[in-house]
Amino acid sequence: MIKRLSEKIADKMSCEGIIQSEDIAAYSYSIEITLATIINFISIAVIAILFGRFAEMIMFVIGFVPLRMLKGGYHADTHLGCILILILCATLLMLLIKFELWFYSIPILIAATIYLFISQGKNSNQLITEKKQKKFNMTARVIIALYAVFCVIIALIWRFTPIIFALLYGVGIAGISLFVSKHIRKQITE
(Lines give C-alpha, C1' and ligand atoms only; values in the text may rest on other atoms or scores of the structure.)
Protein backbone atom coordinates (compact mmCIF):
# COMPACT_ATOMS: atom_id res chain seq x y z
CA MET A 1 0.00 0.00 0.00
CA ILE A 2 2.70 2.50 1.02
CA LYS A 3 4.94 1.32 -1.80
CA ARG A 4 2.19 1.74 -4.42
CA LEU A 5 1.30 5.19 -3.11
CA SER A 6 4.98 6.19 -3.19
CA GLU A 7 5.32 4.97 -6.76
CA LYS A 8 2.21 6.93 -7.80
CA ILE A 9 3.55 10.11 -6.16
CA ALA A 10 6.95 9.70 -7.84
CA ASP A 11 5.28 9.03 -11.21
CA LYS A 12 3.14 12.14 -10.79
CA MET A 13 6.25 14.17 -9.92
CA SER A 14 7.88 12.89 -13.11
CA CYS A 15 4.82 13.69 -15.23
CA GLU A 16 4.77 17.21 -13.76
CA GLY A 17 8.45 17.66 -14.66
CA ILE A 18 9.51 17.96 -11.01
CA ILE A 19 11.88 14.99 -11.29
CA GLN A 20 13.47 13.17 -14.21
CA SER A 21 12.09 9.77 -15.23
CA GLU A 22 15.36 7.99 -14.39
CA ASP A 23 15.04 9.25 -10.79
CA ILE A 24 11.56 7.78 -10.21
CA ALA A 25 12.84 4.69 -8.35
CA ALA A 26 15.03 6.72 -5.97
CA TYR A 27 12.28 9.23 -5.23
CA SER A 28 9.72 6.46 -4.83
CA TYR A 29 11.91 4.74 -2.23
CA SER A 30 12.55 8.01 -0.37
CA ILE A 31 8.84 8.81 -0.31
CA GLU A 32 8.07 5.25 0.87
CA ILE A 33 10.49 5.50 3.81
CA THR A 34 9.22 8.98 4.71
CA LEU A 35 5.57 7.86 4.68
CA ALA A 36 6.36 4.76 6.76
CA THR A 37 8.20 6.89 9.32
CA ILE A 38 5.33 9.38 9.52
CA ILE A 39 2.81 6.55 10.01
CA ASN A 40 5.00 5.02 12.75
CA PHE A 41 5.23 8.30 14.64
CA ILE A 42 1.52 9.03 14.25
CA SER A 43 0.75 5.53 15.57
CA ILE A 44 2.83 5.94 18.71
CA ALA A 45 1.54 9.49 19.24
CA VAL A 46 -2.05 8.20 19.14
CA ILE A 47 -1.16 5.46 21.65
CA ALA A 48 0.53 8.01 23.92
CA ILE A 49 -2.52 10.28 23.76
CA LEU A 50 -4.94 7.40 24.41
CA PHE A 51 -3.00 6.39 27.54
CA GLY A 52 -2.16 9.96 28.59
CA ARG A 53 1.57 9.11 28.75
CA PHE A 54 3.25 11.35 26.20
CA ALA A 55 6.47 11.86 28.23
CA GLU A 56 6.92 8.11 28.63
CA MET A 57 6.42 7.55 24.90
CA ILE A 58 8.99 10.23 24.09
CA MET A 59 11.48 8.47 26.39
CA PHE A 60 10.73 5.15 24.68
CA VAL A 61 11.49 6.72 21.29
CA ILE A 62 14.67 8.33 22.65
CA GLY A 63 15.79 4.98 24.01
CA PHE A 64 14.85 2.93 20.95
CA VAL A 65 15.39 4.88 17.74
CA PRO A 66 19.06 5.97 17.96
CA LEU A 67 20.24 2.54 19.08
CA ARG A 68 18.13 0.73 16.51
CA MET A 69 19.58 2.96 13.79
CA LEU A 70 23.16 2.41 14.96
CA LYS A 71 23.08 -1.28 15.82
CA GLY A 72 20.46 -2.60 13.42
CA GLY A 73 17.94 -5.21 14.42
CA TYR A 74 14.95 -7.15 13.20
CA HIS A 75 13.27 -5.92 10.02
CA ALA A 76 9.70 -6.98 9.30
CA ASP A 77 9.05 -8.07 5.72
CA THR A 78 6.46 -5.34 5.13
CA HIS A 79 5.76 -1.82 6.36
CA LEU A 80 2.52 -3.11 7.85
CA GLY A 81 4.49 -5.69 9.84
CA CYS A 82 6.86 -2.98 11.05
CA ILE A 83 3.99 -0.72 12.09
CA LEU A 84 2.19 -3.55 13.89
CA ILE A 85 5.35 -4.55 15.81
CA LEU A 86 5.91 -0.92 16.84
CA ILE A 87 2.27 -0.58 17.92
CA LEU A 88 2.57 -3.81 19.92
CA CYS A 89 5.75 -2.64 21.68
CA ALA A 90 4.34 0.83 22.40
CA THR A 91 1.03 -0.55 23.67
CA LEU A 92 2.82 -3.08 25.87
CA LEU A 93 4.86 -0.25 27.38
CA MET A 94 1.72 1.74 28.13
CA LEU A 95 -0.04 -1.28 29.66
CA LEU A 96 2.97 -2.17 31.82
CA ILE A 97 2.98 1.38 33.17
CA LYS A 98 -0.80 1.68 33.52
CA PHE A 99 -1.15 -1.52 35.52
CA GLU A 100 2.12 -0.91 37.40
CA LEU A 101 3.64 -4.16 36.13
CA TRP A 102 6.71 -2.50 34.65
CA PHE A 103 8.92 -3.46 37.59
CA TYR A 104 8.65 -7.16 36.72
CA SER A 105 10.13 -6.70 33.24
CA ILE A 106 13.23 -4.81 34.41
CA PRO A 107 15.54 -7.89 34.61
CA ILE A 108 14.74 -8.84 31.00
CA LEU A 109 15.28 -5.28 29.82
CA ILE A 110 18.59 -5.01 31.68
CA ALA A 111 19.73 -8.29 30.09
CA ALA A 112 18.71 -7.02 26.64
CA THR A 113 20.54 -3.74 27.29
CA ILE A 114 23.71 -5.59 28.29
CA TYR A 115 23.40 -7.74 25.17
CA LEU A 116 23.00 -4.61 23.05
CA PHE A 117 26.05 -3.07 24.74
CA ILE A 118 28.40 -6.04 24.22
CA SER A 119 27.18 -7.36 20.86
CA GLN A 120 28.49 -6.23 17.52
CA GLY A 121 25.45 -4.92 15.71
CA LYS A 122 25.20 -4.89 11.95
CA ASN A 123 22.62 -2.75 10.28
CA SER A 124 21.66 -4.97 7.36
CA ASN A 125 19.58 -2.22 5.77
CA GLN A 126 22.58 -0.09 4.98
CA LEU A 127 25.66 -0.70 2.85
CA ILE A 128 28.35 0.48 5.23
CA THR A 129 31.98 -0.45 5.75
CA GLU A 130 33.20 -2.52 8.67
CA LYS A 131 35.07 0.54 9.97
CA LYS A 132 31.88 2.61 9.92
CA GLN A 133 29.95 -0.18 11.68
CA LYS A 134 32.60 -0.29 14.43
CA LYS A 135 32.14 3.46 14.86
CA PHE A 136 28.35 2.95 15.05
CA ASN A 137 28.82 0.23 17.70
CA MET A 138 31.10 2.48 19.78
CA THR A 139 28.65 5.38 19.47
CA ALA A 140 25.84 3.08 20.60
CA ARG A 141 27.87 2.03 23.64
CA VAL A 142 28.48 5.66 24.58
CA ILE A 143 24.74 6.39 24.24
CA ILE A 144 23.86 3.38 26.42
CA ALA A 145 26.39 4.49 29.05
CA LEU A 146 24.95 8.02 29.04
CA TYR A 147 21.42 6.64 29.36
CA ALA A 148 22.56 4.49 32.30
CA VAL A 149 24.14 7.47 34.06
CA PHE A 150 21.01 9.54 33.41
CA CYS A 151 18.77 6.81 34.82
CA VAL A 152 20.88 6.37 37.96
CA ILE A 153 21.01 10.12 38.63
CA ILE A 154 17.25 10.53 38.15
CA ALA A 155 16.55 7.43 40.28
CA LEU A 156 18.76 8.78 43.08
CA ILE A 157 17.14 12.20 42.99
CA TRP A 158 13.48 11.24 42.61
CA ARG A 159 13.23 7.45 42.46
CA PHE A 160 12.79 4.91 39.70
CA THR A 161 9.87 6.33 37.73
CA PRO A 162 7.84 5.20 34.71
CA ILE A 163 9.76 7.76 32.63
CA ILE A 164 13.06 6.07 33.46
CA PHE A 165 11.44 2.70 32.80
CA ALA A 166 10.26 3.90 29.37
CA LEU A 167 13.85 4.84 28.44
CA LEU A 168 15.11 1.46 29.65
CA TYR A 169 12.25 -0.23 27.79
CA GLY A 170 13.27 1.50 24.54
CA VAL A 171 16.89 0.41 24.95
CA GLY A 172 15.78 -3.10 25.92
CA ILE A 173 13.49 -3.42 22.90
CA ALA A 174 16.39 -2.34 20.65
CA GLY A 175 18.48 -5.11 22.28
CA ILE A 176 15.75 -7.69 21.80
CA SER A 177 15.38 -6.57 18.16
CA LEU A 178 19.10 -7.07 17.57
CA PHE A 179 19.01 -10.49 19.24
CA VAL A 180 16.05 -11.62 17.12
CA SER A 181 17.72 -10.29 13.97
CA LYS A 182 20.97 -12.15 14.67
CA HIS A 183 19.08 -15.34 15.49
CA ILE A 184 17.09 -15.15 12.23
CA ARG A 185 20.23 -14.34 10.20
CA LYS A 186 22.02 -17.29 11.80
CA GLN A 187 19.17 -19.64 10.88
CA ILE A 188 19.12 -18.37 7.28
CA THR A 189 22.88 -18.84 6.82
CA GLU A 190 22.87 -22.37 8.26
Side-chain angles (χ1 to χ4, degrees), residues 29-30 33-34 36-45 47-48 53-76 82-83 85-94 96-97 102-186 189:
Y29 179 73
S30 297
I33 298 303
T34 302
T37 302
I38 290 169
I39 291 169
N40 282 337
F41 278 102
I42 289 171
S43 299
I44 60 173
I47 293 167
R53 295 284 188 166
F54 207 73
E56 287 85 349
M57 192 63 79
I58 289 171
M59 293 305 282
F60 164 67
V61 170
I62 289 170
F64 178 73
V65 172
L67 297 172
R68 179 69 175 70
M69 290 173 64
L70 290 167
K71 289 282 218 168
Y74 175 75
H75 290 277
C82 176
I83 292 165
I85 290 169
L86 181 63
I87 288 171
L88 175 70
C89 291
T91 302
L92 180 60
L93 168 64
M94 296 293 108
L96 287 169
I97 292 171
W102 50 274
F103 192 80
Y104 298 105
S105 64
I106 290 174
I108 295 167
L109 296 176
I110 289 173
T113 301
I114 292 169
Y115 175 79
L116 185 67
F117 186 84
I118 63 175
S119 71
Q120 294 298 314
K122 180 164 178 20
N123 196 335
S124 60
N125 248 16
Q126 301 173 358
L127 299 173
I128 55 176
T129 64
E130 189 174 319
K131 183 179 178 181
K132 187 82 165 178
Q133 188 60 57
K134 284 183 180 182
K135 184 177 179 181
F136 284 178
N137 286 324
M138 183 54 68
T139 303
R141 287 185 180 113
V142 169
I143 289 170
I144 293 168
L146 290 173
Y147 287 169
V149 168
F150 171 78
C151 288
V152 168
I153 290 170
I154 297 301
L156 289 173
I157 294 172
W158 286 293
R159 65 181 168 76
F160 195 84
T161 66
I163 290 177
I164 296 172
F165 170 73
L167 179 65
L168 176 60
Y169 182 84
V171 174
I173 294 297
I176 291 169
S177 174
L178 181 62
F179 177 80
V180 169
S181 172
K182 284 188 171 200
H183 183 67
I184 289 172
R185 258 189 303 213
K186 186 178 176 183
T189 58

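Please read all numbers here as calculations on a predicted model, not as lab measurements. In what follows, residues are counted from 1 in the order of the sequence shown. Any value given below was found using the heavy atoms of this structure, including those in side chains, with hydrogens, waters and symmetry copies removed.
- By the ring-ring contact (aromatic ring centres under 6.0 Å, His included) test, F54 pairs with no residue at all, sequence neighbours left out.
- Minimum heavy-atom separation, I85 to Y74: CD1-CE2, 3.6 Å.
- Under the rule for a ring-ring contact (aromatic ring centres under 6.0 Å, His included), F117 has no partner lying at least two apart in sequence or in another chain.
- Here the closest heavy-atom approach between residue L70 and residue F136 is recorded as O-CB, 3.5 Å.
- Minimum interatomic distance between N137 and Q120 (heavy atoms only, all atoms of both residues): ND2-OE1, 2.9 Å.
- Put simply, the side chain of P162 does not reach to within 4.5 Å of the side chain of M59, judged on heavy atoms.
- In this view, S177 and R68 satisfy the side-chain hydrogen bond (donor to acceptor under 3.5 Å, both in side chains) rule, not counting sequence neighbours.
- Within the model, atoms OG1 of T113 and CD1 of I118 stand 11.5 Å from one another, a figure rounded to the nearest 0.5 Å.
- For L92, the CG atom sits in a packed shell: over 12 heavy atoms of surrounding residues, nucleotides or ligands are nearer than 6.0 Å.
- For the atom pair I83 CD1 and I44 CD1, the distance stands at 11.5 Å (nearest 0.5 Å).
- Between atom CD1 of residue I42 and atom OG1 of residue T37 there is a gap of 11.0 Å, rounded to the nearest 0.5 Å.
- Here the shortest heavy-atom pairing between T129 and K132 reads OG1-N, 3.1 Å.
- The two residues G63 and L67 come nearest to each other via the heavy atoms O-CD1, 3.4 Å.
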Where do F165 and L93 land on the side chain to side chain contact (heavy atoms under 4.5 Å, CB included) test, with the steps shown first?
CA-CA 9 Å; F165 170 73; L93 168 64; 3.5 Å; yes
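- Checking side-chain atoms of K71 against main-chain N and O of L116 turns up a donor-acceptor pair under 3.5 Å.
- For the pair K182/Y115, a side-chain contact is recorded, criterion being any heavy-atom separation below 4.5 Å from C-beta on.
- Scored by the ring-ring contact (aromatic ring centres under 6.0 Å, His included) test, F41 finds no partners at all (sequence neighbours excluded).
- In this structure, L178 CG and S119 OG are separated by 4.0 Å, a value rounded to the nearest 0.5 Å.
- For residues 141-165, the set of pairs meeting the salt bridge (charged side-chain N to carboxylate O under 4.0 Å, His left out) definition, not counting sequence neighbours, is empty.
- A distance of 10.0 Å separates CD1 in I108 from CD1 in I173, rounded to the nearest 0.5 Å.
- For the atom pair CD1 (I184) and NE2 (H75), the distance works out to 10.5 Å, reported to the nearest 0.5 Å.
- F64 pairs by the ring-ring contact (aromatic ring centres under 6.0 Å, His included) definition with F60, not counting sequence neighbours.
- Between A155 and I164, the shortest heavy-atom contact is N-CD1, 3.6 Å.
- For the pair L86 and S43, the minimum side-chain heavy-atom distance is 4.5 Å or more.
- Each of I97, L109, I106 was checked for a side-chain contact (heavy atoms from CB on, under 4.5 Å) with Y169, and the lone residue meeting it is L109.
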